[in-house]
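Indexing begins at 1, ligand by ligand and atom by atom, following the structure's order.
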Amino acid sequence: MKTIDDLGDLRGKRVLVRSDFNVPLDGTTITDDGRIRAALPTLKRLLDAGAKVIVTAHLGRPKGEPDATYSLAPVAARLGELLGQDVALAGDVVGDSAKATVAALEDGQIALLENIRFDARETSKDEAERGALADELAALADAFVSDGFGVVHRKQASVYDVALRLPHAAGTLVLTEVEALRKAVEDPERPYVVVLGGAKVSDKLGVIGNLITKADKLLIGGGMMFTFLKAQGYEVGSSLLEQDQVDTVKGYLAQAQEAGVEIVLPVDTLVAPEFGSDDFETVAVDAIPADKMGLDIGPKSGQLFREAILGAKTIAWNGPMGVFERAAYAEGTKAVAQALVDTEGFSIVGGGDSAAAVRLLGFDEAGFGHISTGGGASLELLEGKTLPGIAVLED
Ligand code: ADP
Ligand code: MG
């Protein structure tokens with residue numbers, strides 16, 4: 001990949017940076033600024049080089065039009081604090097305000113464009129539509145640095161199309177992420193254990209097929225465990241279940257058995273009548289009450305997973321084991337995180353919520369081999385896929 005060095009002298013040049021500032025918000029309060037901090041090395045480097053830095057990013061899922069709920073204003077404020085300098089926030093994506101904000105930049109100053117997903121063309125499937133937005137973005141700058149690792153698996157205007165229109169390079173974050181994750185993909189030290197959890201069952205079921213041929217063991221927790229349990233004939237009460245994926249999962253279980261890959265499912269789970277409830281009990285997975293939902297793996301499962309992780313040389317983890325946002329359902333996720341810290345193997349944490357969980361639960365980031373800022377992007381790299389936002393930087 002091209003690097004920032006390849007861009008030459010940047011003094012006085014307008015450099016457009018795609019960052020990943022898709023941080024969790026509670027109202028306008030950022031509850032985890034990990035992704036903003038991860039963007040700092042590239043931004044500081046460009047600012048120190050005397051560039052005029054223009055950052056584009058998305059936040060949440062606005063519907064292709066301006067929506068104050070998803071304004072990047074809280075991000076601009078936090079970024080300013082972390083950089084120790086003002087971050088000008090444009091009132092639009094590529095309109096008059098963006099143009100004026102960029103025009104006002106002096107060398108070593110930084111501006112943030114408003115949420116790129118306020119413009120429907122960003123995520124359009126139509127290349128011409130995306131291209132039109134990319135043209136407008138490119139007109140604001142002299143060079144492009146791709147550093148939003150969390151979005152490099154997306155063929156979007158600010159990730160992919162704009163790189164075709166400007167001299168471009170990978171930022172420090174993208175370089176670090178790709179190096180760490182490729183190590184696990186191309187030549188993992190074995191045993192290679194993959195821990196999967198989280199809520200978006202169908203999102204991750206797709207990658208399991210690929211991991212079955214690569215990993216030695218797959219540990220399944222989180223919401224997706226219930227689709228696996230169902231596929232094995234268990235009743236899962238009112239737990240998160242994707243009924244239409246049960247057959248797919250049955251196929252995976254058979255495939256794994258044939259390939260000699262062990263799929264380890266939880267043996268117990270914490271159940272409660274509803275999400276917000278603290279009225280929970282631990283039950284075996286063959287005794288989930290019909291009117292209760294599983295919100296975390298149980299202590300026996302935590303121990304089972306821990307042993308598998310301690311025995312591994314490479315561990316990739318994506319997706320919390322339970323609804324860790326509530327302390328009552330964070331123990332399973334804590335157990336896995338602790339095992340990743342304690343293991344002598346190289347541990348990789350992927351997934352926005354998993355990385356946030358690690359910090360929220362008070363773990364020291366230095367205890368892990370690599371904490372990825374990307375969810376989908378890290379999973380796709382682990383699958384060995386070619387990511388459009390990476391490939392475009394490799395020419
Ligand atoms: P990541 O961002 O790390 O890839 P996901 O976005 O897939 O993870 O999933 C994170 C979410 O999964 C968390 O908000 C968590 O509350 C939820 N989750 C975990 N276990 C369960 C469960 N048993 N039932 C419902 N939601 C769950
Ligand atoms: Mg997530």
Looking only at non-hydrogen atoms, find the nearest pair between [X] and [Y] and report the distance.
{"X": "D147", "Y": "A39", "value": "OD2-O, 4.3 Å"}
{"X": "A141", "Y": "L166", "value": "O-CD2, 3.5 Å"}
{"X": "L72", "Y": "A57", "value": "CD1-O, 3.6 Å"}
{"X": "L270", "Y": "A328", "value": "CD2-O, 3.4 Å"}

>> Taking only non-hydrogen atoms of K204, do any sit less than 4.0 angstrom from ligand 1?
In response: yes

> For G375, is the nearest heavy atom under 4.0 Å from an atom of ligand 1?
Replying inline: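 Heavy atoms of G375 never come under 4.0 Å of ligand 1.
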
May I ask you to list the atoms of ligand 1 that are less than 4.0 angstrom from any heavy atom of [X]?
{"X": "D353", "answer": "1 (P), 2 (O), 3 (O), 5 (P), 6 (O), 8 (O), 10 (C)"}
{"X": "F275", "answer": "25 (C)"}
{"X": "F226", "answer": "23 (N)"}
{"X": "G319", "answer": "3 (O), 8 (O)"}

> Which of these passes side chain to side chain contact (heavy atoms under 4.5 Å, CB included) with L113: V55, D92, L137, T101?
Replying inline: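 In the set V55, D92, L137, T101, the residue that makes a side chain to side chain contact (heavy atoms under 4.5 Å, CB included) with L113 is L137.
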
> With respect to the Mg ion (ligand 2), what is the nearest N, O or S atom of D353?
Replying inline: OD2

> Is E325 touching ligand 1 with its side chain, its backbone, both, or neither, if touching means heavy atoms under 4.0 Å apart?
Replying inline: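 Looking at E325 and ligand 1, just side chain atoms fall under 4.0 Å.
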
> Side chains of D126 and S124: donor-acceptor distance under 3.5 Å anywhere?
Replying inline: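 Absent: no donor and acceptor within the cut-off.
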
> Strictly by modelled atom types, are S202 and E242 linked by a side-chain donor-acceptor pair under 3.5 Å?
Replying inline: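 Result is yes, a qualifying pair exists.
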
> Taking both backbone and side-chain atoms of D296, is any N or O found less than 3.5 Å from an N or O belonging to ligand 1?
Replying inline: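 No; every N/O pair is 3.5 Å or more apart.
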
>> With respect to P320, determine whether any N or O atom, backbone or side chain, lies less than 3.5 Å from an N or O atom of ligand 1.
In response: no

